[in-house]
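All heavy atoms count here, side chains included; hydrogens, waters and symmetry mates do not. What you see is a predicted model; the values in this text were computed from it and never measured. Convention: sequence-line order gives letters A, B, ...; per-chain numbering from 1.
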Amino acid sequence: MELATQYNPAEVEDKWYQYWTEHKAFSSKPDGREAYTVVIPPPNVTGVLHMGHVLNETIQDILVRRARMEGKNACWVPGTDHASIATEAKVIKRLKEQGINKSDLTRDQFLKHAWDWTDEHGGIILKQLRKLGCSCDWDRTSFTMDEVRSRAVIKVFCDLYEKGLIYRGLRMVNWDPERQTALSDEEVIYHDEHSKFYYLKYMVAEEPGKYAIVATTRPETIFGDVAVCINPKEEKNQWLKGKHLIVPIVGRVIPVIEDRYVEIGFGTGCLKVTPAHDANDYMLGQTHNLPTYDIFTPDAHVDITCLEPEIQSNCQVYQGMDRFDCRKQIALDLKNAGLLEKEEDYDNKVGYSERTNVPIEPRLSLQWFIRMQHFADIALPPVMNDDIQFYPAKYKSTYRNWLENIKDWCISRQLWWGHRIPAYYDAELLKQVGQESYPEDKIIVAPTLEEAQAKAPGKTLVQDEGALDTWFSSWLWPISLFDGIENPDNEEINYYYPTADLVTGPDIIFFWVARMIMAGYEYKKQMPFKHVYFTGIVRDKLGRKMSKSLGNSPDPLDLIARFGADGVRMGMMLSAPAGNDILFDDSLCEQGRNFNNKIWNSFRLVQGWQVADVAQPEAAKTACEWFDAKLKQVGFDLQEQFKQYRLSEALMLVYKLFWDEFSAWYLELVKPAYGQPIDRVTYDKTISYFDTLLKMLHPFMPFITEALWQNITERKDGESIMFETLPKYEALSDAELKLVSDFEAVKEVIAGIRTIRAQKQMSPKEAVELQVVGQNPLESLSCIITKSANTSAITVVTEKSGICASFLVGTTEYAVPLAGSINVEEELAKLEADLKYYEGFLQSVMKKLSNEKFVNGAPAAVVDNERKKQADAESKIATIRESIAALKA
RNA sequence: GGUCGCUUAGCUCAGUUGGUUCAGAGCGGCUGCCUUACAAGCAGCGGGUCGGCGGUUCGAAUCCGUCAGCGACCACCA
């Protein structure tokens with residue numbers, strides 16, 4: 001069969017993925033083998049594959065495929081996340097394009113649209129993962145909102161409520177005015193912002209004409225001002241103690257209160273207190289028993305209808321204004337009224353909603369929370385004492401920091417797309433007292449309406465309108481995927497849990513990783529995973545985050561089309577040490593593609609050989625002995641690298657093994673002359689090496705390795721490299737080590753000869769004599785030198801010929817006699833330079849050895865080694881001096 | 001403001017407990033080759049005062065201090 005000189009991935013990738021699928025190659029069932037489980041960090045159900053996924057999923061696939069080939073029962077469970085807020089936003093946007101407002105729909109109608117959208121777009125990303133080669137057990141594909149997962153979520157909510165770990169309360173929360181829902185602290189992103197500091201005049205009620213100056217960045221909240229706070233120790237504000245101030249424009253008379261919270265020396269020392277619109281002000285309001293006026297609608301427009309009638313009439317013009325329009329208007333009106341002392345530029349941090357990118361409004365709101373102290377207590381120790389290991393370990397401190405300062409988790413969202421909170425209220429009572437005053441002990445929490453009804457016979461019940469934070473389902477993922485919440489003792493959960501490795505980004509260490517650990521210990525009394533591999537962020541080669549607006553984010557499918565999935569995977573892995581950001585560059589995929597091509601061409605060479613029953617050449621025999629040792633050495637190192645999750649290094653090891661050792665050295669040594677057959681022994685060895693190399697490479701590059709493995713020798717239908725087992729390698733024996741290191745010396749000798757050839761412009765076809773001065777330490781490998789450097793003879797001499805070029809390997813001098821004359825000047829200069837180097841080296845060694853403290857203080861082995869260095873250097877210097885003398889003679 | 005981390009070749013990074021000729025790898029670069037598997041290739045060759053300063057030690061890329069620069073995360077200074 002004639003094969004193209006270039007590998008074409010497109011031809012084989014789909015074919016072999018289909019082959020794997022047809023033969024259920026990724027499927028896992030509990031059996032007697034050790035389980036190796038990975039749960040995918042579920043991508044958003046309506047998302048599409050981006051470079052971050054490529055990195056993350058490639059790593060998982062490498063680990064899973066490697067584990068499978070180590071004989072474990074590997075199970076990689078795929079699935080998607082309902083991504084409550086993100087998906088709801090997308091659905092609302094689409095409805096809007098169709099001219100439908102969410103507010104015009106009932107909950108059920110809206111959910112119908114959301115499910116339609118999910119069915120339409122859901123799973124696209126899972127199809128894309130197949131293109132990448134991911135070996136997920138697709139029969140296990142799950143969704144955070146499918147039946148099993150939903151029942152688990154509801155059960156856990158009820159359970160935690162009964163344990164007193166979930167409560168409902170009126171709290172200051174992060175409010176997203178765009179989506180009109182509460183968010184958790186983790187969903188707020190702070191950005192530096194250039195804003196303005198407004199200095200407002202608050203007239204003193206008791207002393208007309210005098211005023212206090214209050215600095216604020218948010219003048220639009222003055223409708224809700226209920227006090228001005230000073231630090232009791234602040235000198236310059238002593239005169240305000242006990243006074244009352246008039247809120248500008250608004251006209252409300254408010255007290256001056258004192259609290260040490262106000263920092264002395266900051267701003268004017270006067271802080272306006274608006275309990276409904278700032279978390280700290282709320283705290284002050286609580287301490288000082290102040291009223292709260294919520295002056296914003298849920299979409300952050302001014303609403304003064306809750307204020308006193310006379311104040312309402314003062315502020316009528318602001319009614320209904322957007323918060324930022326109102327800020328400008330108020331500033332202008334204050335200025336015109338002479339109540340604005342000044343404006344100053346000011347840099348501060350403003351919180352934005354992670355999903356909608358709208359500034360957060362602190363808002364007093366009735367929400368559901370989880371008491372987190374309990375969970376922090378159970379989740380901290382296992383990470384700190386390495387029951388669960390983080391790679392890299394530096395994230396342990398990040399983790400500890402968060403858990404030691406844990407705050408309660410706001411889990412309710414004012415959304416429809418999500419798990420609806422299983423809390424029920426007596427409709428009649430609710431009508432009478434309203435949500436906020438509804439008594440805690442009259443709330444019924446139960447998995448279903450029927451069960452709730454059973455607890456409150458005769459009542460008309462209404463369910464809580466809220467849905468749960470998406471992460472409230474994600475945190476159960478490693479358990480709920482195996483139905484371990486509802487059926488805590490089933491065969492699957494017992495077999496697959498705890499999972500082995502979690503691969504994810506450090507950005508969700510709090511959102512997800514920490515909370516899975518909490519849920520794991522709460523519900524399984526056991527860790528959810530043994531190792532966490534934190535990937536970096538994929539950036540462009542200039543170090544910028546990939547983003548749509550910069551246009552620096554390549555489409556993974558496009559890259560796969562250009563370089564092949566194996567090439568893209570390799571490109572990604574080449575620069576992806578755990579935890580470091582990776583600077584992605586197309587040229588890395590090119591390197592991957594080139595490597596595939598190299599493998600392809602090695603295959604072409606080998607499969608083109610004719611085998612005959614001829615004697616095995618000595619060079620081939622020796623090459624096999626050497627490569628046996630080399631393969632073992634790298635195989636062992638590879639195991640070590642995998643143990644430490646150093647996947648880039650692992651890949652580089654196999655890369656060099658295949659390219660440098662196998663292709664450049666081994667194949668060249670055993671390659672028969674053109675048109676000649678190869679002997680059977682060498683051929684069989686070569687096939688077995690190729691087979692092993694493909695297995696080592698398979699986790700990184702599944703497609704090409706399967707394609708070639710299927711063709712390197714006869715295979716039966718249904719066989720796959722995936723089911724092959726990698727040998728377990730031991731460290732090299734001393735003899736093997738010597739062989740490998742001698743071979744390295746041989747390579748140097750060969751390079752030395754080649755360099756001379758290049759310098760003297762001698763043809764590689766012209767055989768040369770090699771003289772070894774003194775004794776030949778590489779005697780047993782002479783055949784290698786002969787074959788690779790085309791030597792006519794290798795002779796041991798006591799003194800080298802007059803006209804020759806020489807070089808040193810170790811302490812041995814090698815010389816190649818030259819036919820013509822040599823440039824004495826040049827040779828001398830080279831030798832003098834060598835001499836200078838070795839004399840300097842000797843000097844530094846002698847300095848150590850003549851230092852009594854070194855000789856007495858250092859371990860004997862180190863001192864002996866220095867002595868050896870001394871001897872070596874002296875012998876080299878002597879050799880070089882002789883050469884110089886000979887040249888000068 | 002707090003915490004953690006980083007600075008080694010042109011680029012991206014290794015360098016485990018201080019000690020082999022320890023200063024490395026890949027890529028790029030330079031030189032020569034279209035040599036019958038592969039120019040997406042082959043052969044060969046350069047290249048770094050290990051961020052600065054100080055200290056500990058017989059010995060420091062490695063440990064300590066300090067300065068400079070960079071980054072990440074956390075945090076209620078309006």
For nucleotides 54-61 of chain B, list the nitrogen or oxygen atoms of the protein found under 3.5 Å from its nitrogen or oxygen atoms, one pair per line.
| unit_1 | atom_1 | unit_2 | atom_2 | d |
| --- | --- | --- | --- | --- |
| B:rC58 | O2' | A:Asn851 | ND2 | 2.9 |

Those residues that, when tested against A:Lys868, pass salt bridge (charged side-chain N to carboxylate O under 4.0 Å, His left out) (two or more places apart) | A:Asp872
Where the side chain of A:Thr755 is defined as all heavy atoms beyond and including C-beta, which of B:rA37, B:rA78, B:rG44 is the nearest nucleotide?
-> B:rG44
Flag if over 12 foreign heavy atoms under 6.0 Å of NZ, A:Lys396 = yes
Scan nucleotides 24-30 of chain B nucleotide by nucleotide, 5' to 3', and note B when protein non-hydrogen atoms come under 4.0 Å of the base, S if they reach only the sugar-phosphate, - if neither.
-> -SSS---
Sticking with atom C1', work out how far B:rC73 lies from B:rC53, rounded to a whole angstrom.
-> 30 Å
With sequence neighbours left out, write down each residue that passes side-chain contact (heavy atoms from CB on, under 4.5 Å) with A:Phe510, or none if nothing qualifies.
-> A:Glu186, A:Thr398, A:Trp402
Report each atom pair, protein N/O against N/O of nucleotides 3-5 of chain B, whose distance is under 3.5 angstrom.
| unit_1 | atom_1 | unit_2 | atom_2 | d |
| --- | --- | --- | --- | --- |
| B:rU3 | O2' | A:Asn401 | ND2 | 3.3 |

When the distance from CG of A:Asn237 to P of B:rA78 is rounded to whole Å, what number comes out?
-> 18 Å
So what does A:Lys671 hit on the nucleic acid, given a heavy-atom distance under 4.0 Å: a base, only sugar-phosphate, or nothing?
-> base
B:rG71 and B:rG51, which share atom name C1', separated by this distance in whole Å = 15 Å
Name all residues meeting the salt bridge (charged side-chain N to carboxylate O under 4.0 Å, His left out) criterion together with A:Lys643; count only those two or more places apart in sequence or in a different chain, and write none if there are none.
-> A:Glu640
Tell me what A:Lys876 touches on the nucleic acid: a base, only sugar-phosphate, or nothing, going by heavy atoms under 4.0 Å.
-> base
Can you give me the N/O atom pairs linking the protein to nucleotides 14-16 of chain B at distances under 3.5 Å, or say none if there are none?
| unit_1 | atom_1 | unit_2 | atom_2 | d |
| --- | --- | --- | --- | --- |
| B:rA14 | OP1 | A:Asn580 | ND2 | 3.3 |
| B:rA14 | O2' | A:Arg646 | NH2 | 3.1 |
| B:rG15 | OP1 | A:Arg646 | NH1 | 3.2 |

Residue pairs, two or more places apart or on separate chains, that pass side chain to side chain donor-acceptor pair (under 3.5 Å) and touch residues 219-230 of chain A = A:Tyr202-A:Asp225, A:Arg218-A:Glu220, A:Glu220-A:Arg327, A:Thr221-A:Lys272, A:Asp225-A:Lys272, A:Asp225-A:Thr274
Protein-nucleotide distance (A:Asn790, atom CG; B:rC42, atom P), rounded to Å | 20 Å
Paired and unpaired positions of RNA chain B as dot-bracket, Watson-Crick or G-U wobble under 3.5 Å, | denoting a partner strand = (((((((..((((.....[....)))).(((((.......))))).....(((((..]....))))))))))))....
Taking ring pair (Phe, Tyr, Trp, His ring centres under 6.0 Å) as the test, write out the residues that go with A:Tyr282, two or more places apart.
-> none
Taking only residues two or more places apart in sequence or in another chain, which ones pass salt bridge (charged side-chain N to carboxylate O under 4.0 Å, His left out) with A:Lys848?
-> A:Glu866
In chain order, what residues pass the salt bridge (charged side-chain N to carboxylate O under 4.0 Å, His left out) check against A:Glu11, with sequence neighbours excluded?
-> none
